[in-house]
Amino acid sequence: MPKSLYVYGSVGTGKTMTMDLFYDTLPIQRKRRVHFHAFMLDVHARIHAIKTAQPTLPNPLGPIADDLVKGAYVLCFDEFQVTDIADAMILRKLFTELFDRGVVLVTTSNRHPTELYQNGIQRQSFLPCIDLLMTQCNVLCLDSGTDYRQIEREMTKTYFYPLNQETHQKIDQLTRLVTHNKPMKPMTLTFLERSLTIPAQADGVARVTFADVCDKPLSAADYLQIVQNFHTVILTDIPRMTMKHRAMARRFITLIDAMYESHVTLIASAESNFMEIFNASEGAEEMDAGMRMMMDDLNVQDIESPLFSGQEEAFAFQRALSRLVQMQSKEWVQKDLST
């Protein structure tokens with residue numbers, strides 16, 4: 001049985017492109033390529049369904065692994081990362097089940113396996129998963145030291161700052177352009193027994209404020225629904241964030257990841273240049289209510305953990321910035337904007 005492959009390196013070095021080339025040229029039918037966020041949402045949904053139907057079943061991950069293998073024995077994950085304790089505990093058992101069934105894993109990540117979930121809550125319980133990855137995978141560093149997304153290329157103006165009348169007028173003008181002057185109206189997306197209302201949309205274009213999607217308790221599931229329903233997202237009023245706003249920063253990063261994965265066009269207005277949206281050196285001593293509640297729920301006292309100190313956000317934001325650069329290129333944006 002061939003070994004699995006774990007490819008890691010800095011942002012913009014071609015990991016995703018390399019994996020996609022492998023996937024596209026792999027001459028088998030039972031293969032699956034999925035962003036890691038989407039994969040974990042699928043796993044959580046399967047666990048919920050099994051526990052609802054068979055509440056006494058001791059290990060729902062066995063049947064889940066059986067179903068996954070039926071669909072694909074080569075699984076390609078993009079952006080493998082572990083920042084959630086629930087995911088950490090699931091992955092340890094799920095990967096064991098998958099490898100026992102002969103699944104070959106090909107994944108990309110910004111971190112070496114030994115750095116996954118670093119200093120996370122109950123990380124000791126996740127270490128067997130790291131050992132499993134190190135045993136089952138060939139670990140390859142793909143890091144040329146160059147962020148190819150930031151190499152000079154022909155750009156399209158889709159990001160505007162600061163937040164003033166001129167910026168507002170430019171956003172309105174582009175809104176009319178990409179919607180072909182169609183009237184915008186609300187739309188409610190229903191999924192996973194929940195709903196998400198888009199306040200204004202038309203012709204495959206959604207217009208939302210930063211507060212609508214990043215200052216509310218939304219998750220990757222919500223953002224995946226947005227990118228599955230709209231080819232263009234107009235995101236307005238992005239504020240300048242510090243470590244004090246780490247919860248909003250996390251959601252913003254997850255939204256950008258979802259948009260990038262689905263090749264969605266982003267038109268945005270912000271308080272500052274996107275290179276200055278998130279300042280990791282400010283606000284570290286402050287914590288928003290959501291973070292404090294999470295620490296209380298988990299009975300955690302150590303604010304220096306990357307989960308709460310903002311180290312994870314600072315690391316992930318570098319990837320988001322790299323992607324934001326590429327998402328302004330003419331080769332990326334919708335045809336209406338690139339001509």
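Just so you know, residue 1 is the first one in the sequence shown, and it goes up from there.
You'll find the side chain of Cys214 stays beyond 4.5 Å of the side chain of Met241, heavy atoms only. Val213 places none of its side-chain heavy atoms less than 4.5 Å from the side chain of Val233. At least one side-chain heavy atom of Ser4 sits less than 4.5 Å from a side-chain heavy atom of Phe99. Side-chain contact between Leu174 and Lys157 is absent, with no heavy atoms from C-beta onward closer than 4.5 Å. Looking only at side-chain heavy atoms (C-beta outward), Asp78 and Glu261 come within less than 4.5 Å of each other. Under the 4.5 Å side-chain criterion, counting only non-hydrogen atoms from C-beta, Tyr23 is not in contact with Val106. Under the 4.5 Å side-chain criterion, counting only non-hydrogen atoms from C-beta, His35 is not in contact with Phe77. Two residues are said to be in side-chain contact when any heavy atoms from C-beta on lie closer than 4.5 Å; Thr158 and Trp332 fail this criterion.
When atom types are taken as modelled, the side chain of His231 and the backbone of His263 share no donor-acceptor pair closer than 3.5 angstrom. Side-chain atoms of Thr25 come within 3.5 Å of backbone atoms of Phe22 as a donor-acceptor pair (strictly under, hydrogens ignored). Between the side chain of His180 and the main chain of Lys182, no donor-acceptor pair closer than 3.5 Å is present. Counting only distance, with no hydrogens or angles, the side chain of Thr232 and the backbone of Val205 share no donor-acceptor pair below 3.5 Å. Put simply, the side chain of Thr96 gets close to the backbone of Arg92: a donor and an acceptor are under 3.5 Å apart. Within the 3.5 Å criterion, the main-chain N or O of Ser269 finds no donor-acceptor partner in the side chain of Thr236.
Between Phe126 and Ala88, the shortest heavy-atom distance links the atoms CD1-O, 3.4 Å. Between Tyr161 and Ala270, the shortest heavy-atom contact is CB-O, 3.2 Å. Taking all atoms of both residues into account, the shortest heavy-atom contact from Ile47 to Pro60 is CG2-CG, 4.5 Å. Scanning both residues, Leu116 and Ser109, for their nearest heavy atoms gives CD2-OG, 4.2 Å. Closest heavy-atom contact between Val333 and Met327: CG1-O, 3.6 Å.
A salt bridge does not link Asp24 to Arg33: none of the charged nitrogens lies less than 4.0 Å from a carboxylate oxygen. The existence of a salt bridge linking Arg46 and Asp42 is confirmed by a sub-4.0 Å separation between a basic side-chain nitrogen and an acidic carboxylate oxygen. Ion pair Arg207/Asp172 flagged as a salt bridge, since at least one NZ, NE, NH1 or NH2 atom sits closer than 4.0 Å to an Asp/Glu carboxylate oxygen.
Residues Ser10 and Asp143 bring a donor and an acceptor atom of their side chains to less than 3.5 Å of each other. Thr242 and Asn279 are not linked by any side-chain donor-acceptor pair at a separation below 3.5 angstrom, with hydrogens and angles left out of the test. Side-chain atoms of Thr190 and Ser195 form no donor-acceptor pair, as typed in the model, at a separation below 3.5 Å. When only modelled atom types and interatomic distance are considered, Asp237 and Thr209 share no side-chain donor-acceptor pair under 3.5 Å. For the residue pair His44 / Asp87, a side-chain donor-acceptor distance below 3.5 Å is found, with atom types taken as modelled. Of the N and O atoms on the side chains of Asn59 and Glu97, at least one donor lies less than 3.5 Å from an acceptor on the other residue. Asn164 and Thr167 form a side-chain donor-acceptor contact under 3.5 Å, judged by distance and modelled atom types alone.
Under the 4.5 Å side-chain contact rule for hydrophobic residues, Leu57 and Val43 share a cluster. Grouping the Ile, Leu, Val, Met, Phe, Trp and Tyr side chains by contacts below 4.5 angstrom, directly or via other members, places Leu142 apart from Leu21. Placement of Leu163 and Leu324 in two distinct hydrophobic clusters is found when ILVMFWY residues are connected by side-chain heavy-atom separations under 4.5 Å, directly or transitively. The cluster map of Ile, Leu, Val, Met, Phe, Trp and Tyr, joined by side-chain heavy atoms under 4.5 Å apart, puts Leu255 and Met275 in the same cluster. Val74 and Met17 are assigned to two separate hydrophobic clusters, defined by single-linkage of ILVMFWY side chains at heavy-atom distances under 4.5 Å.
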- Message: Evaluate Phe80 against Leu91 for side chain to side chain contact (heavy atoms under 4.5 Å, CB included), listing each step before the verdict.
- Response: CA-CA 11 Å; Phe80 182 35; Leu91 287 170; 3.9 Å; yes
- Does the side chain to side chain contact (heavy atoms under 4.5 Å, CB included) test come out yes or no for Leu196 and Phe191, once each step is laid out? CA-CA 8 Å; Leu196 173 66; Phe191 57 99; 3.9 Å; yes
- Query: Are Met184 and Thr175 close enough, and set up right, to give a side chain to side chain contact (heavy atoms under 4.5 Å, CB included), and what steps lead you there?
  - Reply: CA-CA 10 Å; Met184 304 189 82; Thr175 299; 3.5 Å; yes
- Task: Go through the steps for Thr18 and Thr108 under the test side chain to side chain contact (heavy atoms under 4.5 Å, CB included), then give the verdict.
- Result: CA-CA 9 Å; Thr18 301; Thr108 69; over 6 Å; no
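Summarising the geometry, atom CE belonging to Met89 is positioned 12.5 Å from atom CG belonging to Leu61; distances are rounded to the nearest 0.5 Å. The CG atom of Leu218 sits 9.0 Å away from atom CG of Asp212, with the distance rounded to the nearest 0.5 Å. In this structure, OH on Tyr6 lies 12.0 Å from CG on Leu140, to the nearest 0.5 angstrom. How far CD1 of Ile277 is from NE2 of His245: 13.5 Å, rounded to the nearest 0.5 Å. Expressed to the nearest 0.5 Å, how far OH of Tyr260 lies from OG of Ser322 amounts to 7.0 Å. Rounded to the nearest 0.5 Å, atoms CD (Gln81) and CZ (Arg111) are 9.0 Å apart.
Partner of Ile130 under the side chain to side chain contact (heavy atoms under 4.5 Å, CB included) criterion, out of His112, Glu115, Arg123: Arg123 alone. Exactly one of Phe317, Phe252, Tyr159 qualifies for a ring pair (Phe, Tyr, Trp, His ring centres under 6.0 Å) with Phe274. That residue is Tyr159.
In the displayed structure, Lys51 atom NZ is contacted under 6.0 Å by at most 12 heavy atoms of other residues, nucleotides or ligands. Residue-environment remark: NZ (Lys93) stays at or below the threshold of 12 foreign heavy atoms within 6.0 Å.
Asp257 is linked by a salt bridge (charged side-chain N to carboxylate O under 4.0 Å, His left out) to Arg319, Arg323, counting only residues two or more places apart in sequence or in another chain.
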